[in-house]
Amino acid sequence: MADTRISGFPGAEQTVLGADEIIINMGPQHPSTHGVLRVKLRLDGERIVDSECIIGYLHRGVEKIAEHRSYQQFGPYVDRMDYVAAVSNGLGYCEAVEKLLGAEAPMRAKVVRTILTELQRISSHLLWLGTHAIDIGALTPLFYCLREREEILKIFEKYCGARLTTHAFRIGGLQYDTYDGFEQEVKRFCLDFVHRVDEYEQLLTENRIWIARTKGVGVLTAADAIDMGATGPVLRGSGVKWDIRKAMPYAAYDKYDFEIPIGKNGDTYDRYVVRMQEMRQSNRICLQAIEDIPAGPIMGKVGKVLKPPVGEVYHSIEAPKGELGYYIVSDGTTQPYRVRIRPPSFINLEALDKMIKGHLVADVVAIIGTLDIVLGEVDR
Amino acid sequence: MTPTQISQIAFYFFAGLAVLGAILTVTVRNVVHSAIFLITSLLATAGIFLTLGAQFVFAVQIILYVGGIMVLFIFVIMLVNLDVALHQLQFNRQGWVAGLLALVLASQLGFAIWFARGEGSLDIPAGRTGALSPQNVEQFGLALFEKYALPFEIASVLLLVALIGAVVMTKKRV
Amino acid sequence: MIPIGHYLFVSLALFIIGVIGVLTRRNVIIILMSIELILNAVNINLVAFSRHWANVDGQIFTLFIITDAAAEAAVGLGIIIAFFKNRETVLADEMDLLKW
Amino acid sequence: MSALLEFLKTYMWPLIFALVIVGVLPLLAGYVVLMERKVMADMQARLGPMRVGPHGLLQPIADALKLLIKEDIIPENADKLVFWFAPVISVTAAMLAYSALAIGPFFQIAELNIGLLFIVAVSSMGIFGIILGGWASNSHYSLLGALRSTAQMISYETAAGLALVGGVLLAGTLSTQKIVQAQQGGTWFVFVAPIGFFLYLVASIAETNRAPFDLPEAESELVAGYMTEYSGFRWAVYFLAEYANMIVVASIATTLFLGGWLRPFGSIAALDFLDFFPPLCFLGVAGYCFYRTPKQPEPIQSGVMALFGGLCLLLAAAMALPFVPAFAASKAGVHGAFWFLLKVSLYIYSFMWIRFTFPRFRFDQLMKLGWYFMIPLSIVNVLGLGVYKVLRQLQWSRWPAFLLTTGGTLLVAIWLVWLAQRKVAVPGPVGDMTEAEG
């Protein structure tokens with residue numbers, strides 16, 4: 001054991017295992033690494049001395065694929081990055097291309113997009129809550145969360161026929177108008193959902209074990225969070241009030257009244273509270289938006305064949321997991337010259353190493369859970 | 001089969017098991033296997049206690065020896081488990097001298113027991129007073145807390161000292 | 001009734017095996033375990049004589065010996081762990097320094 | 001040959017009981033699993049197993065068959081012999097503990113003078129199955145699980161043992177029969193020693209490795225802990241051991257704190273109508289089964305449902321047997337078994353309830369809870385019960401003595417909680433417990 005050399009531990013002052021150190025491979029097949037993340041942990045007893053993230057098991061070359069597809073054809077691919085929040089991905093992509101084209105979606109389309117995206121945020125956070133709770137050992141919230149998520153997926157299914165990888169929006173607006181009873185269904189869901197969030201909070205927020213497991217675990221200070229480029233709830237949990245919906249409003253967000261919840265200590269508990277509050281805020285936005293969906297066309301004036309002018313554009317939206325940015329370079333043809341995606345999960349994941357050092361194995365799963373990563377997006 | 005016969009069969013079975021376990025304990029290469037055989041031997045000894053009517057000691061042997069000390073042993077073996085140690089020489093060089101000495105000791109003690117039996121001093125002694133009641137636990141408890149109360153307390157202090165000693169010694173940064 | 005001599009022989013066997021283990025093995029943990037064997041042999045003797053004399057005192061001494069064994073194991077294993085952390089070995093003949 | 005016959009004649013009943021327990025316990029464990037899945041499903045707004053048999057009634061049998069015919073995988077470089085043997089140790093320890101437990105005044109394999117001590121001793125053996133299995137698997141996850149499990153079980157066994165000492169102190173005997181008899185005239189010990197019962201409840205959850213103390217097999221952290229490398233039937237044996245252990249601790253708690261096979265309010269003549277509860281209970285279940293029989297989607301499911309109804313009817317008849325004057329003597333045995341198993345089921349139900357409600361502790365938190373709260377409190381509890389016993393001997397009446405001792409213990413408990421909270425005002429990332437444990 002004395003001469004077991006470990007390669008690939010950047011910055012590790014010691015490359016030789018100590019007498020009571022072991023190396024453990026978390027993933028790529030592990031119940032709680034949320035996909036195919038692999039974390040190599042060097043443990044002293046149960047304490048983490050060093051860690052290394054190994055990713056790429058789900059790499060599909062999405063950015064490269066974009067260079068060989070027309071702008072419309074690439075639409076469905078973005079759904080497959082953050083597959084639990086496909087609608088948000090689609091929104092970001094559509095808006096980026098619209099910006100490149102200089103076109104704008106009509107108001108009705110914008111409002112419907114806002115509603116669906118906020119519903120998607122709720123569903124993504126619900127899935128996060130369920131899996132995060134199950135990582136920490138609370139089995140039951142998952143099923144309550146899935147129950148509500150099912151309602152949202154049913155709305156999606158009725159709207160566009162797909163539940164997960166929806167491809168709900170089109171460049172320039174929407175392909176489908178809302179179905180009959182859309183408003184009532186969303187409204188009924190939203191009115192009911194407030195009580196559901198209360199239910200989850202009743203199970204967890206005040207629970208002594210839950211607090212013990214999450215408070216003070218995986219602290220990320222505001223300065224660190226900004227340095228690492230963390231966005232979304234991870235950043236807001238550290239107490240930075242930054243939300244693209246407010247900072248650079250897109251879609252119809254400037255019309256609605258909502259707040260940005262922030263945390264204080266930047267620990268797992270704060271991020272949990274932030275996400276719970278975000279669900280309530282999203283719900284609020286949905287309720288406001290559903291009240292009056294303006295009448296009018298749903299598709300803006302874009303041609304059948306999209307040929308954006310030569311140029312480049314960066315557009316980002318606030319996806320459930322953080323800032324989702326699309327950087328598109330056009331060379332004037334029907335296919336993008338280069339698409340670069342700024343995935344929130346990938347950049348938030350970088351904080352993992354800093355957050356888990358000195359913690360126990362059990363905290364690693366809590367911290368991976370609190371970062372809310374989706375490997376489809378990390379690896380692209 | 002009478003209870004006495006069963007008891008006899010049980011004794012020889014346990015005795016054989018204890019000796020076999022002991023032999024394997026000191027001869028096998030793998031430390032964990034060695035510990036397993038020691039556990040076997042200790043359990044067999046507990047069985048021997050049972051044939052002697054010492055029920056309480058039987059339970060204590062299992063709870064403390066097997067369930068306590070041996071778990072500690074295995075715990076430590078796992079903490080310091082060295083695959084290297086498996087391939088090293090298991091017996092030291094002067095082993096044969098030690099073995100010889102041990103055999104001499106064994107023959108001496110064996111003869112002592114054998115001759116004592118011959119002279120009849122191992123028969124049921126004439127001067128034996130009292131009797132072991134079947135209510136072993138009560139008898140044990142009364143004797144422990146009346147006659148041997150002080151040694152009992154001293155033993156607990158010994159355990160406390162050992163506890164502190166073990167913690168201090170294994171603590172990483174004192 | 002099994003004669004007490006049989007118990008004594010079993011005890012003797014365990015004792016001798018324990019002595020051989022202590023004297024010949026190199027692994028400290030096995031040496032410690034051999035000491036447990038020796039203590040165990042003593043226990044058999046004590047309990048056997050306890051029945052022989054129809055007196056429960058022998059059994060009580062067994063309890064004390066088990067207590068002692070526990071203390072010895074705790075301290076002994078503590079030493080082994082401390083030693084292992086410093087020298088990464090558990091072999092008795094490599095324990096050749098009085099002070100580390 | 002005649003010696004053998006004589007042997008069988010002398011030990012006929014213990015042998016029969018042993019056979020019954022060895023045969024029934026795995027089945028019972030299987031149905032506890034089914035019950036757990038159903039309870040879990042109910043709490044989580046689902047249905048649970050519904051496919052095999054009506055309402056999943058045959059699911060345990062299907063599961064057992066599936067596990068039996070599964071490929072038996074032994075990891076490379078595993079210590080094969082130990083790997084084979086470890087699950088057997090676990091399950092043997094769990095089953096052996098049953099030899100001293102009394103399900104009724106009659107139904108018991110061996111009435112031992114050291115009954116409870118024997119059970120504790122034998123169940124402390126089960127830990128070897130876990131630790132050796134974890135070691136033999138040659139996997140870091142298994143090893144971590146085994147180490148966690150050892151530390152946890154040693155810590156909580158102390159608390160559980162001391163909680164049991166409290167009960168034994170009240171009963172004045174270790175024999176399971178006599179412990180129950182001691183509760184016959186008066187109150188159950190749970191009402192005399194509620195804190196002791198609470199301590200045993202928590203410690204027994206930890207000892208059986210159940211949530212929120214299921215760290216040795218914490219699914220989200222250690223995959224499956226010491227069972228990570230096990231599959232197929234060997235895994236099933238571990239599983240059986242775990243559930244059999246649950247039944248054992250529930251039986252111990254029932255015997256010591258919940259009055260064993262005694263009927264609730266056995267000393268109050270006005271409540272004697274409770275004697276009718278067992279047969280009526282089974283009659284009700286049987287009626288429901290027959291009511292649902294025609295509604296099953298498939299004829300075979302109807303058949304199974306009717307079979308279950310018939311079984312319940314048979315049991316109801318058995319429960320009604322003591323009302324026939326000729327068999328009146330069987331009342332304690334037949335009804336005793338019913339009440340005993342009912343209490344065991346309720347105890348196990350509380351396990352499940354807790355499991356599906358709480359998140360999991362972290363290892364250092366678990367150790368802190370054990371050493372800073374459970375063990376001190378259980379020592380104080382023993383002291384308190386000793387004082388209670390002395391006060392009762394000094395002719396104090398029941399209530400003042402109870403309030404004094406339990407109140408005092410409760411105060412200590414509150415003080416301990418306060419201490420713990422003051423110490424960890426801001427819970428630091430990691431305590432120092434894991435090191436001290438090594």
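Atoms considered below: every heavy atom in the structure, side chains included; atoms not considered: hydrogens, waters and symmetry mates. A note on names: the letters A, B, ... follow the listed sequences, proteins ahead of strands, and every chain is numbered from 1. Note that the structure is a prediction, hence the values are computed from the model and not measured.
- No donor-acceptor pair closer than 3.5 Å links the side chain of D:Q44 to the backbone N or O of A:Y144.
- With hydrogens and angles disregarded, a donor-acceptor distance shorter than 3.5 Å links the side chain of A:R213 to the backbone of D:R360.
- With A:T140 contributing its side chain and D:T357 its backbone, the two residues share no donor-acceptor pair below 3.5 Å.
- For the pair A:N25 and D:Y141, the tightest heavy-atom approach, listed with the atom from each and the gap, is O-OH, 2.6 Å.
- Sparse packing is recorded around NZ of A:K264, with 12 or fewer heavy atoms of other residues, nucleotides or ligands lying under 6.0 Å away.
- Residue D:R51 places its CZ atom among 12 or fewer non-hydrogen atoms of other residues, nucleotides or ligands, all under 6.0 Å distant.
- Taking each heavy atom of A:I209 and D:P359 in turn, the nearest pair found is CG2-O, 3.6 Å.
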Next item on the list: Check step by step if side-chain contact (heavy atoms from CB on, under 4.5 Å) holds for A:L360 and D:R362.
Entry: CA-CA 8 Å; A:L360 301 177; D:R362 202 171 56 197; 4.1 Å; yes

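- Residues D:A45 and A:R147 share a closest heavy-atom pair of CB-NH1, 3.9 Å.
- At least one side-chain heavy atom of A:I24 sits under 4.5 Å from a side-chain heavy atom of D:L144.
- No more than 12 heavy atoms of other residues, nucleotides or ligands sit less than 6.0 Å from atom CZ of D:F198.
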